[in-house]
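See below for the structure under consideration.
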Amino acid sequence: MKVFNTLTKKKEEFIPLEEGKVKMYVCGPTVYNYIHIGNARPMIVFDTVRRYFEYKGYEVNYVSNFTDVDDKIINKAIEEGVSAQEVARRYIAECKKDMEGMNVLPATTHPLATEEICGMVEMIQELIDKGYAYEKNGTVYYRTRKFAEYGKLSHKNLDDLRSGERSLLVTGEDEKEDPLDFVLWKPKKEGEPAWQSPWSDGRPGWHIECSVMAKKYLGEEIDIHAGGEDLVFPHHENEIAQSEAANGKPFARYWMHNAFLNIDNRKMSKSLGNFRTVREISEQYNLQVLRFFMLSAHYRSPLNFSAELMEASKSGLERIVNAVDSLKYLLGSAKQEEMTAEEQEKAAKTEEFVRKFEDAMDDDFNTADAVAAIFDLVKYANTTAAGESSRAYLQSLLNLIVRLSGVLGLKVEKQEEMLDEEIEKMIEERQAARKAKDFAKADAIRDALLEKGIILKDTREGVQWKKA
Ligand code: AMP
Ligand code: ZN
């Protein structure tokens, strides 16, 4: 299996630290809002990486954090007049719902930054003791000049960076020894959440979180560390500096980064007003379509989100779902149990599609080609399965399509259709729950309907619904 490693800028053979096991850390979202479709890309991509390792027989320990203390969360909390914790908790719950919709498996552990402060204080102290960090007026900085390999991940020219950063230095940061030094601990400002430490009452910097959580849940050396490409510098560069200085060992063997998701060929940003949340997409599409869309490109290629591409993804996914559905239909009326000799030969030929699928995935998780292999298999099933096919043959085709799609996290078996009356009844129950201010129940009903592919839209004229 080959994995592209940002550290060496090469595709390398994957060799686990421990035979049959993969220790993987994926930087998770900062929870101050619903996740957007850009955040969904690493979630879907690295969940697929995990699923493929599992398909190959590896045991994967998958850790992905939630950053639940941050300026953006604090600002949102001030805006709403609630605590930062309340904001974070709410959006973690919402994020988990979106993950379920996208069929992203829960991580083995989802640590929260605010629950790991002790470990962060310890690691910062260790860095100070070893001369890799220093304190100034309650703030602790990492001494980047002390870490000889600083810059090895991002392959950046540090002198250029230093002069760039120097002109950007903001007031309050001029106490740094070097423009590239970064914050490990900062004192609190009025009204901010804070924890005690030997340096000041305050909170940790963002980078130290991941170094500490990776160490606690996976160990000092891990196989894969992943995230979006914007995290290469400074976040991951800083994580390496912290972890390797503190632990005296290489941190992660393979660094994987997904390229960005753009929207209508432009960067997605709040100021352009072209932000799309996963929740918004779920009002229009089954989130399996979003997952299929994300996997239709290689994870290291930029991907453009557009209405046309989503429609194309919808039809692509339907091709697979329809093939599965017609195999089930044929199975319902098949007369012959066992395969004929001819069918056995045909079934043996499907190995070719499995090989194509695995070759694609072995080549740095080329999901676009893996999807193409599934399409080939679907075409083969559509042309070789017929009314006179045996149950065994139909079942083998069905199992294979479902299994390979499942490795990509795609659910391709149709949900049982709900009757209109059943849907209307559930909508009425939801309205009653809302009236009684039982929003948890109302949400649960909405989610249950969504699970069945029924999308609700609240309008001034009442609730409208449609099938995804
Ligand atoms: P954040 O909440 O900004 O820390 O982002 C969480 C994850 O989403 C990180 O791995 C980011 O690199 C990734 N990410 C954010 N925006 C995009 C985007 N437009 N395309 C792809 N990945 C993104
Ligand atoms: Zn991180």
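We count ligands from 1, going down the list as the structure has it; atoms in each ligand are counted the same way. Throughout, residue positions are numbered sequentially from 1 according to the sequence presented. Quick caveat, the model's predicted, so the values are computed rather than measured.
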Test the R50-Y62 pair against the cation-pi criterion, namely NZ or CZ under 6.0 angstrom from the six-membered ring centroid and within 45° of the ring axis.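 Yes.
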Lys NZ or Arg CZ of K146 over Y132 ring: under 6.0 Å, within 45°: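 The answer is yes, since K146 meets both limits relative to Y132.
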What about the rings of [X] and [Y], do their centers lie closer together than 6.0 Å?
X	Y	result
Y254	F14	yes
Y91	Y32	no
Y150	F147	no

Ligand 1 and [X], any nitrogen or oxygen pair closer than 3.5 angstrom?
X	result
T30	yes
D230	yes
F260	no
E229	no

Could you check whether D70 and T30, counting side-chain N and O atoms only, form a donor-acceptor pair closer than 3.5 Å? no
Side chains of Q242 and N238: do they bring a donor and an acceptor to under 3.5 Å? no
Protein contact to [atom] [nearest heavy atom, distance to 0.1 Å]:
atom	value
atom 19 (N) of ligand 1	L261 O, 3.2 Å
atom 16 (N) of ligand 1	H36 CE1, 3.4 Å
atom 9 (C) of ligand 1	L231 CD1, 3.8 Å
atom 13 (C) of ligand 1	P42 CG, 3.7 Å

Examine H235 and say whether one of its N/O/S atoms is closer to the Zn ion (ligand 2) than 2.8 Å.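 Yes.
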N/O/S atom of H236 under 2.8 Å from the Zn ion (ligand 2), yes or no?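 No.
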Please list, in number order, the atoms of ligand 1 under 4.0 Å from a heavy atom of P29.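 Atoms satisfying the 4.0 Å criterion: 2 (O), 6 (C).
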Tell me which N, O or S atom of E239 sits nearest to the Zn ion (ligand 2). OE2
At a non-hydrogen distance cut-off of under 4.0 Å, which region of [X] contacts ligand 1 (side chain, backbone, both, or neither)?
X	answer
K267	neither
N258	side chain
N39	both

Are the side chain of N65 and the backbone of L112 linked by a donor-acceptor contact shorter than 3.5 Å?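 No.
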N/O donor-acceptor pair under 3.5 Å between T139 side chain and E135 backbone: no
Out of G28, G228, G38, indicate the one that has the non-hydrogen atom closest to atom 14 (N) of ligand 1.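 Of the listed residues, G38 has the closest heavy atom.
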I'd like to know whether ligand 1 has A259 as a neighbour, heavy-atom separation below 4.0 Å. yes
Heavy-atom contact under 4.0 Å between H257 and ligand 1? no
Output a table of donor-acceptor pairs, distance under 3.5 Å, between side-chain atoms of residues 295-302 and any protein atom two or more places apart or on a different chain; print 'none' if there are none.
unit_1	atom_1	unit_2	atom_2	d
S296	OG	F293	O	2.5
H298	ND1	R300	N	3.0
H298	NE2	D364	O	2.9
Y299	OH	D364	OD1	2.6
Y299	OH	D364	OD2	3.3
R300	NE	D364	OD2	2.8
R300	NH2	D364	OD2	2.8

Within-4.5 Å side-chain heavy-atom neighbours: L404 and Y55: yes
